[in-house]
Each structure stands twice: as structure tokens, then as C-alpha cells.
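A short worksheet on the structure shown next.
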There are 2 protein chains.
Amino acid sequence: MEQNKIPQATAKRLPLYYRFLNNLNQQGKKRVSSKELSDAVKVDSATIRRDFSYFGALGKKGYGYNVEYLLGFFRSTLDQHEVTEVALIGVGNLGTAFLHYNFMKNNNIRITTAFDADTEKVGTDIGGVPVYDIRDLEEKLEDIKVAILTVPAVEAQVIADKLVEKGISGILNFTPARISVPKHIRVHHIDLAVELQALVYFLKHYSLDNPE
Amino acid sequence: MEQNKIPQATAKRLPLYYRFLNNLNQQGKKRVSSKELSDAVKVDSATIRRDFSYFGALGKKGYGYNVEYLLGFFRSTLDQHEVTEVALIGVGNLGTAFLHYNFMKNNNIRITTAFDADTEKVGTDIGGVPVYDIRDLEEKLEDIKVAILTVPAVEAQVIADKLVEKGISGILNFTPARISVPKHIRVHHIDLAVELQALVYFLKHYSLDNPE
DNA sequence: AATAAGTCGTGATATTTTTCACAATTCAGT
DNA sequence: ACTGAATTGTGAAAAATATCACGACTTATT
Ligand SMILES: NC(=O)c1ccc[n+]([C@@H]2O[C@H](COP(=O)([O-])OP(=O)(O)OC[C@H]3O[C@@H](n4cnc5c(N)ncnc54)[C@H](O)[C@@H]3O)[C@@H](O)[C@H]2O)c1
Ligand SMILES: NC(=O)c1ccc[n+]([C@@H]2O[C@H](COP(=O)([O-])OP(=O)(O)OC[C@H]3O[C@@H](n4cnc5c(N)ncnc54)[C@H](O)[C@@H]3O)[C@@H](O)[C@H]2O)c1
């Protein structure tokens, strides 16, 4: 694997850097320092320099970073020159919101195919994305490698199994179910209820200052 | 602060444990081992035991943990015996989805008040939650301490400032904007586009196995 | 009562992540 | 050309997190 030495914590921040570099570029800014970037993304400037350093010396001492160069570098690092197609399973409250939004800004990831079990939804287009019957997953998924899972929790494992069988590589799971998959498949859980509860917990138990 | 020694990483997992204990309890299970819990929540069993140990000896050697006892313990630790009221700002795609869902399952957090700037939305009820005019924030926020922010990114900082002025303690920010707040106020960012891009990055660069 | 199987709590260790702090370099102004 | 202010890249240290591995204890069984 190309760059297996990049720490996970760093990798998770890359899209954030990329987005802010895009903003700066659109504003016509030519150079940026780790300090400025730090103010914008709320990550310590030393951490930013360290993160960048894993990819080599991208900046110039005493000067900072060239916005256009850095943007180009991250564009290719994040494979933003090509569109990544994503499938969405479960066109309910959350799924519909995602379809309307479709991550259009500043990145090249698109939901191109959606699935649902509800016959009222199957056959419609939402935000320009066709909704297929979940029973046609086999046929319509084609070679999409990433899926967003927004079905009811009880359905999550069954659907995950089908996705795995069909050759998916990664799943962004919004259901509260902790799904089991073979270990070569990557699952990221985004558990909104947990996030909210955790925030409330922090407020009650850590309220003096705001670490993290 | 009561229990400031609990590591942040542990604190973030507490709601997850709580939810699974609730599930087990509803299934009528009386005891559970760190190993079983580990399989369910996909957290190493040693990590679970360590997490629990910060709160004292909650289990019995050779036996495991008593589900009812543990559940009760976490219920009070997470202040689940009382309802936490939350406000939502921005009743758009995402905000509407949250209002319909409203985190009803297994926890005691409720969105009770929503705000929007759109006159078509103001005055309506969504999922039983009244939507007020953002200009009435001052008057209607009352003593709610937690807000969910689902407005357009450009509005995020302005709204955050208003919330701070009104005495908010915590903000769950779904906008891509990295907002600035006084340091005694806690902001958790949930950045869905970043999560998706990070997942895609991991797939391309770490695909051999599935760490974390 | 003795034995075996199971499980916790935790000291010790390993790994990961963040932060400090400074020599080296760049740039702008004179 | 020189000076001073700015800023990187990184070794070293610190902090946070995760994991190993085992003694101590519990329960069930014979
Ligand atoms: N909406 C939220 O704010 C929110 C917040 C946190 C977590 N979640 C979680 O996200 C998931 C989706 O939530 P939601 O509010 O959108 O639910 P929802 O009930 O509105 O949507 C679920 C959708 O999945 C479809 N579906 C059901 N079974 C299916 C199957 N076998 N194959 C394909 N599609 C199927 C349903 O027809 C429906 O359209 C749930 O697991 C929920 O717990 C939602
Ligand atoms: N929808 C998604 O799937 C998604 C995904 C990732 C991030 N986001 C982010 O979440 C935020 C909301 O997204 P969305 O799709 O729901 O947008 P949206 O445009 O559907 O909703 C925004 C809502 O905020 C209201 N609003 C605008 N200005 C306001 C103000 N000053 N005060 C109060 N309300 C105001 C609008 O009337 C609208 O109802 C955006 O910042 C977006 O970038 C959304």
C-alpha cells in the first residue's frame, strides 16, 4: 500500500484541509501559513505541519505553503480528480436528506444510486438519483465500492451482508447497529444519538474548559 | 468537576455501552461478560473492562457484569433519568430528518424547540416540535443548554454567536464551518462530507486490513 | 471438597497522537 | 548585502489510548 505510514488521525484530517484550501483558493489567496490554517480548521498548527510533513516538505521555511500547489497535491492524494460513486441504501428521513444534498461542494463524491424496499419510493428520482428496489441490488449496484447505510437498525446486518457479497469495500453506517463484516471491509460508524449523548455528558462532567 | 479523570475516549463510548445494555435488558438477559459486550459493540474486551474500571469495580470476577446493575449505573452516570432538552436551528433537509427521528430510542434527549428563518416553515410543527422564527431565539430558547446546528454554512458563525450570547453550553455542529466560540463552550463537529471522503481515502490507501 | 472453566481488574507495556521548541531558511525592507 | 520578522520541518518529550497477560476470584460440576 502506497503510503501506509500516514497515521489514521492524520488521514481523517486531510479532507478538512482540502476543503479549506479550496476556500482559500477561491478567495484568490496565494499563500497560507500553518498558523492561519490552524485558526480556520481549529487544529493546532504544529499538528498541521506534522500532518503535512508525512507527505514530504510541502512548504517553504519562512514563507508558508503555496495554496495552489498544496491544493493540487491534496487533490491527487484524495483522488479528487476522478468522481467516486456511492450507493445509498434506505431512502427514509436521513437518506432523503443526503440525496438532496449529495455532497456537491468541494469534493468529487456523488451518490449515484439509491435503494429502498418501499414500493412507493422505488422508481422515483430524488435529487436526480434513481431509487431502485432493494431486490435489484445485485443487478444495479454494478461496481460501486462505497455504500451509505440509512435503513432501520434491524435491517442493517442483512443489508451489509448483501453488500459484502456484492463486493463492496466500505460502508458508512448511520444505523445504531454495529455490523459485522469480513476484516478487509471498512466500516465507519456515524452514530448521531451517541454523539449527542456524549456531548451532553461532556457538558455535565467536563464543563470547566473545552479540550479536544 | 465530579469525575474529570474519565478519559475522553472512554466518555465517548459510554452512550454506546448504555444502548447495548438497554438492548440486553429488554431481551431479559441478566448477566453479560466484557467478551460478549465486545462482540456486540466491536470494542476490544480489555478496553471495555478498562473503561468500566474508571468508575470502580462494577463487575464480579469469574462472573461478569449484572446487566440491570450496570444499566442503572450508566443511566445515572449519563443523566438519563431526566430529559435533556435540545434546540435545533435550521429546519432544512437534515434538520427535518432529525425532527422526525428525534432520538426517541433508548435515551432521554429530546429536541423540543426548532428555529428557522424561512417564513414558510415558521409556525409549523414538525414531528411534534414547534418551529419558531430565528428572530425569536432570544425569547424562545429559554434555558436550553444544547443546540443542533443545521443551517447553511455561511450562517453558522452568526447563529453560533447568538447562541453563545443566549447562554448555550454545547453545540452539535453539522455545518462544514468550523465555528469559533469562547473556550468554556463545547462544540462537536459532525462533518458528513469529511467522513465520506476519509472513508474513501482509507479504502484506497489502507485496504489490506481494517484497523481501528 | 476439589477441580475446571470463566471472567474481572489492573500493572505493565505498546502504540498512537499531540505538543514543544528551535535550527534552518525565506522574504521584505533598507 | 544586511537585518529582522516570519515560518517550516522535525527531534524529542509528553500525553492519551489501547492491549497484553495474569493473579484473584466466582460459579458450576462432580
Ligand atoms: N433520522 C435521523 O435523524 C436519525 C438519527 C440517528 C440515527 N438514525 C438512524 O438512521 C437510520 C435511518 O433513519 P431514518 O430516520 O431515515 O429512518 P426511516 O424509517 O425514515 O428510513 C428508513 C428507510 O429504509 C427503508 N428500508 C427498510 N427496510 C429496507 C430494506 N430491507 N432495504 C432497503 N430499504 C429499506 C424504508 O423503506 C425507509 O425508507 C435508522 O437506523 C436510524 O436509527 C436516524
Ligand atoms: N443535508 C445533508 O445531507 C448534509 C450533509 C452534510 C452537511 N450538511 C450541512 O448541514 C447544513 C444543513 O444542510 P441542509 O441540507 O439541511 O440545508 P438546507 O438548505 O436544506 O437547510 C438549511 C435551513 O436553514 C434555514 N436557515 C437559513 N438561514 C437561517 C438562519 N439565519 N437562521 C435560521 N435558519 C436559517 C433555511 O431556511 C433552511 O431551512 C449545511 O450547512 C450543510 O452543509 C448537510
Side-chain angles (χ1 to χ4, degrees), chain A residues 3-14 16-17 21 24 29-67 69-70 73-74 183 189 198 202 205-206 209-212, chain B residues 3-14 16-17 21 24 29-70 73-74 183 189 198 201-202 205-206 209-212:
Chain A
Q3 282 293 50
N4 235 341
K5 48 211 145 198
I6 277 80
Q8 302 229 355
T10 295
K12 289 188 182 177
R13 284 186 291 262
L14 297 182
L16 191 56
Y17 297 146
L21 287 169
L24 291 176
K29 238 167 159 294
K30 294 296 175 207
R31 60 183 264 195
V32 64
S33 69
S34 60
K35 179 64 172 56
E36 283 173 276
L37 222 33
S38 170
D39 291 341
V41 302
K42 317 289 178 197
V43 171
D44 186 272
S45 68
T47 301
I48 292 178
R49 293 200 300 282
R50 174 78 62 195
D51 284 346
F52 289 1
S53 78
Y54 293 116
F55 298 96
L58 303 178
K60 273 190 198 157
K61 295 179 180 185
Y63 173 85
Y65 302 90
N66 179 297
V67 172
Y69 174 76
L70 205 52
F73 182 84
F74 280 123
K183 70 177 183 308
H189 295 273
F202 280 115
H205 298 265
Y206 292 69
D209 60 351
N210 191 347
E212 184 204 34
Chain B
Q3 283 292 51
N4 236 339
K5 49 212 145 197
I6 276 80
Q8 302 228 356
T10 295
K12 288 187 182 177
R13 285 187 289 262
L14 297 181
L16 191 57
Y17 298 146
L21 287 169
L24 290 176
K29 239 168 157 294
K30 293 297 175 207
R31 60 185 261 193
V32 65
S33 69
S34 61
K35 179 62 172 55
E36 283 174 276
L37 222 32
S38 170
D39 291 341
V41 301
K42 319 288 177 198
V43 171
D44 185 274
S45 67
T47 301
I48 293 178
R49 292 199 300 282
R50 175 78 64 197
D51 283 347
F52 289 1
S53 78
Y54 292 116
F55 298 96
L58 304 178
K60 274 191 199 157
K61 294 178 180 184
Y63 173 85
Y65 300 91
N66 178 297
V67 172
E68 209 168 328
Y69 174 77
L70 204 54
F73 182 85
F74 280 123
K183 69 175 183 309
H189 295 273
Y201 180 82
F202 279 114
H205 298 266
Y206 293 70
D209 60 350
N210 190 347
E212 184 206 33

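Values below: every heavy atom of this structure, side chains too, minus hydrogens, waters and symmetry copies. Letters A, B, ... mirror the listed sequences (proteins, then strands); counts begin at 1.
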When you check every protein heavy atom under 4.0 Å of nucleotides 16-26 of chain C, what one-letter string (B, S, -) results, 5' to 3'?
-SSB-B--BBB
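Applying the side-chain contact (heavy atoms from CB on, under 4.5 Å) rule to A:K42 yields the partners B:R178, B:S180; only residues at least two apart in sequence or on another chain are considered. Under the side-chain contact (heavy atoms from CB on, under 4.5 Å) criterion, A:K60 pairs with A:Y63, not counting sequence neighbours. When the side-chain contact (heavy atoms from CB on, under 4.5 Å) test is applied to A:V67, the partners found at least two apart in sequence or on another chain are A:L24, A:N25, A:V32. Under the side-chain contact (heavy atoms from CB on, under 4.5 Å) criterion, A:R13 pairs with A:A9, A:T10, A:Y17, A:V43, A:T47, A:D51, not counting sequence neighbours.
No more than 12 heavy atoms of other residues, nucleotides or ligands shown are found within 6.0 angstrom of NZ on A:K35.
Between A:F52 and A:F74, the angle of the ring planes lies from 30° to 60°, which puts this pair in the tilted group.
Atom CG of B:L58 and atom P of C:dT10 are 10 Å apart (whole Å). Between the NZ atom of B:K35 and the C1' atom of C:dG6 there is a distance of 12 Å, rounded to whole Å.
Although no hydrogens or angles enter the test, the distance criterion places a donor-acceptor pair under 3.5 Å between the side chain of A:S33 and the main chain of A:E36.
Two residues, A:S53 and A:G64, neighbour DNA chain D, and the one matched to the more 5' nucleotide by heavy-atom proximity is A:G64.
Contacts of A:Y65 with the nucleic acid, taken as non-hydrogen atoms under 4.0 Å apart, involve only primed sugar atoms and P, OP1 or OP2. Counting non-hydrogen atoms under 4.0 angstrom, A:S45 reaches nothing in the nucleic acid.
Of all nucleotides in DNA chain D having an atom under 4.0 Å from a heavy atom of chain A, the first and last in 5' to 3' order are D:dA6 to D:dA12.
For the pair A:V41 and A:I48, the minimum side-chain heavy-atom distance is below 4.5 Å.
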